[in-house]
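Reading through the structure tokens given below for one structure.
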Amino acid sequence: MLRPLLLLSALIGLLPGAEQQHVGSATLNISSCPISYYGEQFTTLYVTATDEVFTACFDIIGVDCIVGPPLEIFFFFDEVSENEADWHPSLPDISSSLLCSVELKAFSGLFPVSLKISSFGSQAAVKLETGSLGPHEFEFVANGDSVGSVNLTNTGPIYKDISACRQSGGLYFYDDEVSSDPDTCSTESCDSVATIQPNDICGPLERCHGNNTCMFVSICTVTGPAVIDFNDQLKTVEDRCGYTLLTGSSIQNLTVVANFQERRRRDVSFLDSVTLRLQGQDDVHLEQGGVVKEGNTVLTINGSTDLGNGVEVFVDPTGVTVTVSHPESTTSVFFDGNTAQIIFIGPAGQDPDLGGLCANSTSVSDERLPEDIGSSCEVQYNDTADSSINCTMMTERCNLLLEEPFTACHNHTDPESYIDACIDTLCKYPAVDGLNCQFQEAYARSCSLRSSNDTLDSWRSTVGCSPPQPFCQGRICSDHEFCAETISGGIGCFCRAIFAFPYRSNDTLGDPTVCEENSASVTLVGCLLEEKGLDYTMLHLNDPTCTGQRDELDHMVTFSYNGSNTCGTEVMANNSQLIYMNSVTVLNSSSDNITRQDQVYIDFSCVFTQPDVNTVTFRIKDSSVIEKITSGTWNYTLTMKAYTDAGRTQAVDSNTEVQLNQQIWVELETDGLDDGLVALVTDSCWAADQAESLRYNLIVDGCANPDDQTVNVVGNGAGTSNYFSFNMFQFSRSSSEVSVHCKVNLCANLNQTCTPDCSGGLRKRRSAGSKYLDEAPAFISMTWTN
Ligand SMILES: *[C@@H]1O[C@H](CO)[C@@H](O)[C@H](O)[C@H]1NC(C)=O
Ligand SMILES: *[C@@H]1O[C@H](CO)[C@@H](O)[C@H](O)[C@H]1NC(C)=O
Ligand SMILES: *[C@@H]1O[C@H](CO)[C@@H](O)[C@H](O)[C@H]1NC(C)=O
Ligand SMILES: *[C@@H]1O[C@H](CO)[C@@H](O)[C@H](O)[C@H]1NC(C)=O
Ligand SMILES: *[C@@H]1O[C@H](CO)[C@@H](O)[C@H](O)[C@H]1NC(C)=O
Ligand SMILES: *[C@@H]1O[C@H](CO)[C@@H](O)[C@H](O)[C@H]1NC(C)=O
Ligand SMILES: *[C@@H]1O[C@H](CO)[C@@H](O)[C@H](O)[C@H]1NC(C)=O
Ligand SMILES: *[C@@H]1O[C@H](CO)[C@@H](O)[C@H](O)[C@H]1NC(C)=O
Ligand SMILES: *[C@@H]1O[C@H](CO)[C@@H](O)[C@H](O)[C@H]1NC(C)=O
Ligand SMILES: *[C@@H]1O[C@H](CO)[C@@H](O)[C@H](O)[C@H]1NC(C)=O
Ligand SMILES: *[C@@H]1O[C@H](CO)[C@@H](O)[C@H](O)[C@H]1NC(C)=O
Ligand SMILES: *[C@@H]1O[C@H](CO)[C@@H](O)[C@H](O)[C@H]1NC(C)=O
């Protein structure tokens with residue numbers, strides 16, 4: 001035995017690297033060149049060389065071994081320098097680079113047998129070489145099973161790929177499937193460098209539908225005025241009509257309709273609500289404030305609700321999702337008040353049956369449904385540009401979608417249309433009401449719908465947006481309003497631009513005052529008050545107890561008074577006009593040292609030209625006139641009769657010829673009044689021509705016109721009737737008709753204070769309404785013709 005060893009030592013001495021000589025068996029440390037032997041990495045070699053067997057095992061129990069013919073002594077080299085180019089041509093599957101090699105050199109008689117093991121990272125290979133004739137059979141055992149053998153002869157080196165994958169005791173070779181989960185359509189396979197890789201059966205635009213079947217996922221986003229269809233094409237809606245987003249017979253005639261409305265500007269439309277028309281079922285409406293309606297019924301939904309026929313509604317703080325299942329596909333519609341996303345999951349390839357803007361937005365006008373909202377929905381407006389908008393800045397903001405972290409989505413969701421929609425909108429419309437985050441939110445949502453892995457958690461903090469909140473949840477605005485951020489940071493119902501336009505251009509907060517006999521009202525528009533930060537409950541009339549009444553449906557706030565409670569109305573006479581003055585002002589609580597409310601003063605006055613009020617100009621040419629009058633709590637008749645004698649026995653009738661300058665007695669008599677309580681005061685009487693353009697005073701402030709000595713007033717304010725006399729006249733240069741009009745009042749008759757003080761020039765003007773029971777006087781007239 002000694003001779004060959006010496007010879008070999010001399011031979012080996014020429015080789016580089018560390019060398020160890022062994023007889024029998026040895027444990028060798030190969031941690032300087034760890035080897036992946038059939039998928040498992042080892043750092044130790046257990047070698048046994050006897051005259052029965054030669055084994056090079058990677059584990060101590062001997063289930064991962066290279067088993068060869070009997071070889072006696074061997075040498076181990078742990079740093080062998082190999083020419084990589086020699087290896088690759090014989091190892092077509094090894095694509096990685098050679099990292100390191102170890103060598104076992106043993107002897108069969110005098111002939112060396114070399115076993116070189118090279119690591120290629122996750123791959124590995126063996127090179128066997130001998131000078132002896134052989135054949136020497138080497139068997140490769142992995143995990144206890146034989147996985148191949150070679151017969152070595154002296155005709156040249158043999159290369160053997162010893163790469164594989166291993167999982168749970170199983171061995172897998174290149175391209176073998178390691179595992180499969182039909183529920184998630186995912187598999188694992190041993191790849192070309194012998195590592196286990198997860199694979200998705202479904203492509204980037206698809207989604208797993210169980211049983212390893214994939215469905216095509218189409219996403220359509222509608223946000224603000226923008227529609228981004230299934231093909232990522234952008235279209236802009238410029239009016240306020242309804243539009244079909246998706247419809248088709250393959251989805252059982254489900255039709256998804258988007259309704260657009262304007263907000264702060266008349267020339268920018270926003271998605272306002274979404275309607276799902278279902279075959280044989282009530283429509284489902286998704287509206288502002290998280291409202292879900294089935295037909296006209298508002299649904300209260302906590303979590304999810306099944307509406308039958310495969311229609312399910314799911315509500316969470318970010319919005320409402322309605323899912324409609326069809327035999328071959330699923331359509332789901334998400335709406336958060338600003339953005340709608342329609343996700344159509346169906347067989348691969350565009351379904352030719354599908355129509356609507358989401359399927360093909362090429363022709364927007366073809367999908368318009370004007371009848372839904374009314375024919376005026378198509379009218380377009382031109383508002384003056386908002387000079388406060390910095391379009392450069394907005395463009396920069398919109399372009400954030402091109403940057404991190406959004407780039408993670410770029411492979412499957414093109415940001416281009418989102419950026420264009422964002423720029424189009426924000427260069428025209430102020431970035432309020434969450435609009436500065438809306439397009440990014442829509443993009444991020446679309447991205448996460450495509451790939452549940454790309455949640456982009458960090459995007460909000462990167463671009464300064466807060467997490468989606470239930471915007472305006474529970475806040476119900478009326479049809480002419482939209483939900484908006486108020487100047488104080490809360491939310492409120494603001495007026496839509498078209499509705500508010502006439503008010504804004506007139507610079508008014510409401511409709512003109514409605515004046516009626518004894519009453520008046522003014523209606524202010526709730527959303528205009530809200531925009532100005534005015535709390536309607538703080539507003540009142542002159543009398544602070546007279547506050548406004550808000551209509552719960554249209555949010556109009558009405559302030560009014562009527563005869564019985566005048567709410568501090570002041571009456572002012574101005575020539576021929578009576579002005580009933582009041583105003584809407586802010587409640588000034590004296591305990592508050594500061595106020596955050598604007599000062600408000602809304603004039604609320606009614607101007608009555610006297611002949612217009614209650615003046616029933618009876619053109620009856622009869623001897624008497626009777627009127628039924630209701631005054632406060634009093635209900636009475638007032639009669640006006642003319643006589644030709646002081647005793648008032650000779651009544652003037654239509655046959656009576658009254659001559660000019662003939663003295664006439666006119667009695668004003670009431671029936672139905674309690675003369676203990678009230679007195680009739682004739683405030684004034686005047687004569688007018690037919691055109692009512694000429695006026696001649698007979699009684700002024702309860703007293704005879706001092707300039708006409710023929711007028712005599714008797715019993716005025718002393719009872720429930722009185723009379724006066726005058727001498728008949730006619731208007732010069734005028735028609736033949738003369739009407740006598742009287743204005744009377746009722747007066748509380750407790751202390752006989754109703755009698756006017758007619759003591760000559762010192763006579764003081766009574767302050768109107770001071771003692772009359774009712775501020776509204778009664779008028780009565782009689783007409784003579786000759
Ligand atoms: C090696 O040789 C033996 C005996 O000659 C034979 O049975 C075996 O099949 C050969 N193996 C290979 C891999 O050729
Ligand atoms: C799974 O798909 C195969 C064909 O791909 C089909 O034959 C089988 O019926 C499906 N199984 C279920 C449970 O849908
Ligand atoms: C869809 O509507 C069309 C035309 O109105 C009708 O012919 C068809 O039967 C409907 N399809 C379904 C699934 O109800
Ligand atoms: C969309 O419709 C137009 C015609 O309105 C047609 O020319 C175009 O090919 C359609 N696009 C797709 C993707 O179907
Ligand atoms: C709005 O104004 C622009 C430019 O002044 C004009 O080109 C456009 O036709 C106008 N549109 C409408 C609807 O009036
Ligand atoms: C608009 O914004 C850009 C970029 O933020 C800024 O450089 C520019 O000065 C702004 N222009 C105006 C008029 O404020
Ligand atoms: C996107 O796709 C390209 C080429 O297909 C690929 O190199 C890149 O890693 C992908 N990016 C992401 C974030 O998946
Ligand atoms: C999801 O993301 C995680 C972490 O980024 C990654 O390890 C995993 O492979 C991803 N899964 C898919 C299916 O892309
Ligand atoms: C605005 O003013 C116009 C003309 O002055 C008037 O016709 C219109 O009724 C006013 N509108 C409102 C809402 O007050
Ligand atoms: C208002 O001011 C008065 C005088 O400065 C002060 O005494 C009072 O406490 C203040 N009231 C409140 C509510 O701050
Ligand atoms: C006044 O009398 C008329 C007729 O008798 C009656 O219809 C009406 O209700 C009365 N009005 C009041 C305020 O009493
Ligand atoms: C009526 O007169 C009495 C005594 O003259 C007086 O006490 C009372 O206050 C007067 N009432 C009115 C309403 O003026």
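Nothing fancy with the numbering, it's 1 onward along the sequence. Indexing begins at 1, ligand by ligand and atom by atom, following the structure's order. Values below: every heavy atom of this structure, side chains too, minus hydrogens, waters and symmetry copies.
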Salt bridge (Lys or Arg N to Asp or Glu O under 4.0 Å) assessment of Arg240 paired with Glu378: CA-CA 6 Å; Arg240 299 159 311 287; Glu378 291 175 57; over 6 Å; no

Ligand 6 N/O within reach of Thr392 N/O, cut-off under 3.5 Å: no

Looking only at the aromatic ring of each residue, does the gap between the centers of Tyr37 and Phe58 stay below 6.0 angstrom? yes

Check whether Asp424 reaches the backbone of Ala421 with its side chain - one donor and one acceptor, N or O, closer than 3.5 Å. no

It should be assessed whether the SG atoms of Cys447 and Cys409 lie less than 2.5 angstrom apart. yes

Could you tell me, for ligand 1, which of its N or O atoms are under 3.5 Å from any protein N or O, listing the pairs and their distances rounded to 0.1 Å?
from: ligand 1; atom 1: 2 (O); to: Asn151; atom 2: OD1; distance (Å): 3.4
from: ligand 1; atom 1: 2 (O); to: Asn151; atom 2: ND2; distance (Å): 2.3
from: ligand 1; atom 1: 11 (N); to: Asn151; atom 2: ND2; distance (Å): 2.9
from: ligand 1; atom 1: 14 (O); to: Asn151; atom 2: ND2; distance (Å): 3.3

Both conditions, 6.0 Å and 45 degrees, for the charged tip of Lys160 above the ring of Phe140: are they met here? yes

Specify the closest pair of heavy atoms between Val193 and Ser96, including all atoms of both residues, with the distance to one decimal.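 Shortest heavy-atom contact: CG1-OG, 3.7 Å.
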
